[in-house]
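All remarks here apply to the structure that follows.
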Amino acid sequence: MILDETNDVSKRVRSIIPPNEGWLEYKLNSKELDYIWKCVDNSGHNTNAELAGNISGSYQLEDTDNWFFNNSILPLIKIYSNKFTNRGTTVPVFGRYPYTMATWWVNHQKQHEFNPIHLHTGVYSFVIWLKIPFSWEDQNRDNITNTPTKSCFEFSYNNILGESSSYTYRTSTINEGTLLFFPSELKHIVYPFYNCNEDRVSVSGNVYIDTPSIDSTDR
């Protein structure tokens, strides 16, 4: 064995980063955005009673012929599986079943409204920022604390030491058209914004394993 006798410590050390999961950022193209806005314009019933958010306007969306799921979400599932892992393998079902986007909805968030820290159901989830009528800089210009999080979106998780950690998106108009794709159990929070009369418009959805339904009488 040849020993490196150099006095340069940096040449004799390497960083070990254990395997971990994360999320994907995806910039939607104009065709995808046009389709989503059309879905928003034809949104269905109010879903507030089914959601965690303190947001007055949340409405169900319909993905006609599964267009968005097939063209955008399925490719992201494959990319996530290649980059991190196939989360579907952790679901305790026997046999192989396809994925399905069972639910997605639009949020029309008004000033002072917020989404408390929460997680989703399913295997994967996503959020899309369609309209952000403010900038993080303006929202936090008068912030006198060391946590300028007005109007932010934040993931919350534990690091390798079990300590609480977070990753914060300081959202502004530049983030419009961005989709975040993440494991459904990854906790996140949407902070309120202020002094803006326009709605912040976002879309969220969940991806499940499409297992067959079993009638209770068949058990």
Could you tell me if the side chain of [Y] sits less than 4.5 Å from the side chain of [X], heavy atoms only?
{"X": "N158", "Y": "S164", "value": "yes"}
{"X": "F181", "Y": "S125", "value": "no"}
{"X": "N206", "Y": "M101", "value": "no"}
{"X": "F69", "Y": "L74", "value": "yes"}
{"X": "I55", "Y": "H108", "value": "no"}
{"X": "V203", "Y": "L61", "value": "yes"}
{"X": "H45", "Y": "W105", "value": "no"}
{"X": "K150", "Y": "F134", "value": "no"}

Hphob cluster co-occupancy, [X] + [Y], side-chain heavy atoms under 4.5 angstrom:
{"X": "L130", "Y": "F126", "answer": "yes"}
{"X": "V201", "Y": "L179", "answer": "yes"}
{"X": "Y208", "Y": "F68", "answer": "no"}
{"X": "I128", "Y": "L180", "answer": "no"}
{"X": "V207", "Y": "F182", "answer": "no"}

Whether [X] side chain and [Y] backbone form a donor-acceptor pair below 3.5 Å:
{"X": "N86", "Y": "G88", "value": "yes"}
{"X": "Y124", "Y": "Y80", "value": "no"}
{"X": "S81", "Y": "I77", "value": "yes"}
{"X": "D8", "Y": "S10", "value": "yes"}
{"X": "N159", "Y": "G162", "value": "yes"}

Check whether Y157 forms a cation-pi arrangement with K187 (NZ or CZ under 6.0 Å from the six-membered ring centre, at most 45° off the ring normal).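 Because its charged atom misses either the 6.0 Å distance or the 45° angle limit, K187 does not stack over Y157.
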Looking at [X], I want to see if its [atom1] is surrounded by more than 12 non-hydrogen atoms of other residues, nucleotides or ligands under 6.0 Å.
{"X": "K27", "atom1": "NZ", "value": "yes"}
{"X": "E32", "atom1": "CD", "value": "yes"}
{"X": "N82", "atom1": "CG", "value": "yes"}
{"X": "D65", "atom1": "CG", "value": "no"}
{"X": "L161", "atom1": "CG", "value": "yes"}

Heavy-atom pair with the smallest gap, counting every atom of [X] and [Y]:
{"X": "E154", "Y": "T149", "answer": "OE2-CG2, 4.2 Å"}
{"X": "I16", "Y": "P18", "answer": "O-CD, 3.7 Å"}
{"X": "P148", "Y": "N143", "answer": "CA-ND2, 3.3 Å"}
{"X": "L119", "Y": "S184", "answer": "CB-O, 3.6 Å"}
{"X": "H188", "Y": "L186", "answer": "ND1-O, 3.0 Å"}
{"X": "N107", "Y": "S58", "answer": "OD1-OG, 2.7 Å"}

Roughly how far, to the nearest 0.5 Å, is [atom2] of [Y] from [atom1] of [X]?
{"X": "I73", "Y": "T100", "atom1": "CD1", "atom2": "OG1", "answer": "11.5 Å"}
{"X": "W37", "Y": "S30", "atom1": "CH2", "atom2": "OG", "answer": "15.0 Å"}
{"X": "T173", "Y": "K131", "atom1": "OG1", "atom2": "NZ", "answer": "12.0 Å"}
{"X": "Y59", "Y": "S43", "atom1": "OH", "atom2": "OG", "answer": "7.0 Å"}
{"X": "D34", "Y": "C39", "atom1": "CG", "atom2": "SG", "answer": "11.0 Å"}
{"X": "R96", "Y": "T211", "atom1": "CZ", "atom2": "OG1", "answer": "15.5 Å"}

Under a 4.0 Å N-O cut-off, is there an ion pair linking [X] with [Y]?
{"X": "E21", "Y": "R87", "answer": "yes"}
{"X": "R200", "Y": "E113", "answer": "no"}
{"X": "D138", "Y": "R141", "answer": "yes"}

What do you reckon, are the aromatic ring centroids of [X] and [Y] less than 6.0 Å apart?
{"X": "W136", "Y": "Y169", "answer": "no"}
{"X": "H120", "Y": "W104", "answer": "no"}
{"X": "W23", "Y": "F155", "answer": "yes"}

So, applying ring-ring contact (aromatic ring centres under 6.0 Å, His included) with F153, which one of W129, F114, Y191 is it?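 The single option meeting the ring-ring contact (aromatic ring centres under 6.0 Å, His included) with F153 is W129.
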Among T171, T178, I174, whose side-chain contact (heavy atoms from CB on, under 4.5 Å) with I132 holds?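 Among T171, T178, I174, the one that satisfies the side-chain contact (heavy atoms from CB on, under 4.5 Å) with I132 is T171.
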D63 and Y35: side-chain donor and acceptor closer than 3.5 Å?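 Y35 and D63 do have a side-chain donor-acceptor pair below 3.5 Å.
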I'd like to know if the side chain of N195 pairs up with that of Q111 as donor and acceptor (distance under 3.5 Å, no hydrogens or angles considered).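 Not at all, the side chains of N195 and Q111 share no donor-acceptor pair under 3.5 Å.
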Just do the side chain to side chain contact (heavy atoms under 4.5 Å, CB included) check on I36 and L28 with the steps written out, would you? CA-CA 10 Å; I36 293 172; L28 297 163; 3.9 Å; yes
